[in-house]
Q: 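Below you will find the structure I want to go over with you.
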Amino acid sequence: MSRTVRTIHDAFRDDIGDLVTRRPVPGPRIAQVDPFLFLNHHGPQTYPPNNRGLPFGPHPHRGFETVTFILDGELGHYDSGGHESVIRAGGVQWMTAGSGLIHAELSPPGFKRDGGPMEILQLWVNLPSRLKMAAPAYTGLQREDIPALALSEGATLNLIAGGLGDQRGPVETLSGHFMATLELKAGAAVELPAPAARTVFFYVVRGRVHTGGHEIRQWKLAEFNADGDNIAIEALEDAYVLFGHGEPINEPVVAHGPFVMNTREEIIAAIQDYQAGKFGPPPRVSA
Ligand code: MN
């Protein structure tokens, strides 16, 4: 039995300076898709030569994970744990903020000089209370590090985390998430496991698909009912879909800017710890 769609949510435009940004969650009718908290869809857009690049200089996080999908362009990552990498189109950054770190997410010097196309997704994945103070970690994956599974005619699944058949993605998450992107040609059809007890995250980055009894277009997020153990998807035109699932955490969420905890007291502690320098030194950023 394939799961049916319960609700469809629009992504709302919320540009950050000249950075085109759309956000399906949180939104007016949706606080989170537990355990998935937040999605920013930046671009697609083309930066001119001699641009200032992305505006995400050094800032802290605690209590969750950021997963960044570089669909086009490139993204430099620098953090207080000493991690530094530039991830190119097709790559993914999986960062566990856990107990706290400071990172910068910036366009590398060559991109600022030459400009070019840019499209990036950033998903925030919550951590349960028992893992909020886990050790910070960062994994930077290029396109070639991510298995591209040909599922059926015209359907490719880029497996980032979790298992599918006898394949496993390169990221082993603390909470056993499944995370993938789907590249579908018009007419392609796939059926993917998505056990009823797990929350599905389903966002159409571009194109148009049919799933769970509904048509889902670009810039729409679908929530599913717990009435089956898989998801059936058919592409009505060439499409790109962010698809994941995870166990709901079912705990209070108290978020304040870059911190996501369970209580107000924990937020105050996060701010105090950050101000006291306990998140480590700000990262050194290559100019
Ligand atoms: Mn950040």
Q: Given K132 and N262, is the side-chain contact (heavy atoms from CB on, under 4.5 Å) satisfied, shown in steps?
A: CA-CA 9 Å; K132 283 196 179 292; N262 298 113; 3.4 Å; yes
Q: So, E144 and R88, do they make that salt bridge, N to O below 4.0 Å?
A: yes
Q: Going hydrophobic residue to hydrophobic residue with side-chain gaps under 4.5 angstrom, can you get from L242 over to L159?
A: no
Q: So if you build clusters from Ile, Leu, Val, Met, Phe, Trp, Tyr with side-chain heavy-atom gaps below 4.5 Å, do V125 and F69 land together?
A: yes
Q: Quick one: does any side-chain atom of E215 pair with a main-chain N or O of V209 as donor and acceptor, under 3.5 Å?
A: no
Q: Looking at E247, I want to see if its CD is surrounded by more than 12 non-hydrogen atoms of other residues, nucleotides or ligands under 6.0 Å.
A: no
Q: Sub-3.5 Å donor-acceptor pair from the side chain of N126 to the main-chain atoms of L37, do we have one?
A: no
Q: Look at R22 together with D15 and state whether they make a salt bridge at an N to O cut-off of under 4.0 Å.
A: no
Q: Indicate yes or no: at least one non-hydrogen side-chain atom of V190 is less than 4.5 angstrom from one of L157.
A: no
Q: Taking all non-hydrogen atoms of both residues, which atom of P128 and which atom of S175 are closest, and how far apart?
A: CD-OG, 3.9 Å
Q: Does the plane of the ring in Y138 sit parallel, tilted or perpendicular to the ring in H77? Use 30° and 60° as the thresholds.
A: parallel
Q: Taking side-chain hydrogen bond (donor to acceptor under 3.5 Å, both in side chains) as the definition, give me every residue that meets it alongside S99, ordered by chain and number, with sequence neighbours left out.
A: none
Q: Backbone N or O of A155 within a donor-acceptor pair of the S152 side chain at under 3.5 Å?
A: no
Q: Drop me the distance from T139's OG1 to D145's CG, to the nearest 0.5 angstrom.
A: 10.0 Å
Q: Which is it for E84 and R284 under the salt bridge (Lys or Arg N to Asp or Glu O under 4.0 Å) test, yes or no, and what are the steps along the way?
A: CA-CA 9 Å; E84 177 172 341; R284 295 165 58 89; over 6 Å; no
Q: Please examine the side chains of I87 and L141, heavy atoms only from C-beta on, and report whether any two atoms are closer than 4.5 Å.
A: no
Q: Heavy-atom distance under 4.5 Å between the side chains of L71 and V205, does that happen here?
A: yes
Q: Does this structure show an ion pair linking K185 with E153, if we count only N-O contacts that are shorter than 4.0 Å?
A: no
Q: D10 and salt bridge (Lys or Arg N to Asp or Glu O under 4.0 Å): which partner among K220, R217, R23?
A: K220
Q: Could you tell me if the side chain of E266 sits less than 4.5 Å from the side chain of V254, heavy atoms only?
A: no
Q: So P136 and D79, do their side chains get closer than 4.5 Å, heavy atoms only?
A: no
Q: Applying the 4.5 Å side-chain criterion to the ILVMFWY set and letting contacts propagate, would L149 and F178 be lumped into a single cluster?
A: yes
Q: Taking C-beta and beyond as the side chain, do D72 and P117 meet within less than 4.5 Å on heavy atoms?
A: yes
Q: Looking at V86, is its backbone amide N or carbonyl O close enough to the side chain of Q142 to form a donor-acceptor pair, meaning the two atoms are under 3.5 Å apart?
A: yes
Q: Could you tell me whether a side-chain N or O of T173 sits under 3.5 Å from a main-chain N or O of H177, the two making a donor and an acceptor?
A: yes
Q: Checking D34 against T199: is there a side-chain donor and acceptor pair closer than 3.5 Å?
A: no
Q: Which is it for F202 and F224 under the ring pair (Phe, Tyr, Trp, His ring centres under 6.0 Å) test, yes or no, and what are the steps along the way?
A: CA-CA 9 Å; F202 190 101; F224 287 80; 5.5 Å; yes
Q: Applying salt bridge (Lys or Arg N to Asp or Glu O under 4.0 Å), can you list everything that pairs with E172, at least two apart in sequence or on another chain?
A: R168
Q: Would you give the length of the straight line joining atom NE2 of H59 to atom CG of L101, rounded to the nearest 0.5 angstrom?
A: 9.0 Å
Q: For the residue pair E105 / Q122, report whether a side-chain donor-acceptor contact shorter than 3.5 Å exists.
A: yes
Q: Whether the T156 and E183 side chains hold a donor-acceptor pair (N or O, under 3.5 Å, no angle test) is what I'd like checked.
A: no
Q: Using every non-hydrogen atom in the two residues, find where P24 and I30 come nearest and quote the distance to one decimal.
A: O-CG2, 3.6 Å
Q: Measuring from H41:NE2 to I120:CD1, what's the distance to the nearest 0.5 Å?
A: 10.0 Å
Q: Ignoring hydrogens, what is the shortest heavy-atom contact between E74 and P108? Give both atom names and the distance.
A: OE2-CG, 3.4 Å
Q: Would the distance check show the side chain of S80 and the main-chain N or O of I102 forming a donor-acceptor pair, the cut-off being under 3.5 Å?
A: yes
Q: Would you check if the side chain of R52 reaches a backbone N or O of K112 as a donor-acceptor pair within less than 3.5 Å?
A: no
Q: Taking V241 as the starting point, is it possible to reach I216 by hopping between hydrophobic residues whose side chains are less than 4.5 Å apart?
A: yes
Q: With sequence neighbours left out, write down each residue that passes side-chain hydrogen bond (donor to acceptor under 3.5 Å, both in side chains) with Y47, or none if nothing qualifies.
A: none
Q: When rounded to the nearest 0.5 angstrom, what distance separates CG in D18 from CG in N51?
A: 8.0 Å
Q: Work out which heavy atom in H245 is nearest to a heavy atom in P195; give both atom names and the distance.
A: CE1-CD, 4.0 Å
Q: Please tell me whether V253 and V33 are part of a single hydrophobic cluster in this structure, the criterion being side-chain heavy atoms less than 4.5 Å apart.
A: no
Q: Please work out which of the three classes, parallel, tilted or perpendicular, describes the rings of F279 and F259, given edges at 30° and 60°.
A: perpendicular
Q: Does atom CZ (R264) have a neighbourhood of more than 12 heavy atoms from anything else shown, all under 6.0 Å?
A: no
Q: Hey, does L182 have a side-chain heavy atom less than 4.5 Å from the side chain of I233?
A: yes
Q: Report yes if some heavy atom in the side chain of H42 is under 4.5 Å from a heavy atom in the side chain of M118; otherwise report no.
A: yes
Q: Hey, could you give me the CG/CG distance between L106 and L75, rounded to the nearest 0.5 Å?
A: 8.0 Å
Q: For N225 and T4, which I'm curious about, is there any donor-acceptor pair between the side chains at under 3.5 Å?
A: yes
Q: Measure from the side-chain N and O atoms of T7 to the backbone N and O of E223, and report whether any donor-acceptor pair falls under 3.5 Å.
A: no
Q: Can you name the nearest heavy-atom pair linking P193 to F243, along with the distance?
A: O-CZ, 4.1 Å
Q: What residue among F38, F36, F201 forms ring-ring contact (aromatic ring centres under 6.0 Å, His included) with W124?
A: F38
Q: Hey, is the main chain of D273 close enough, under 3.5 Å, to the side chain of K278 for a donor-acceptor pair?
A: no
Q: Any donor-acceptor pair under 3.5 Å linking the side-chain atoms of N158 with those of T181?
A: yes
Q: Say you draw a straight line from CD1 of I271 to CE of M261; how long is it, rounded to the nearest 0.5 Å?
A: 11.0 Å
Q: Take a 6.0 Å sphere around CZ of R13 and say whether it holds more than 12 heavy atoms from other residues, nucleotides or ligands.
A: yes
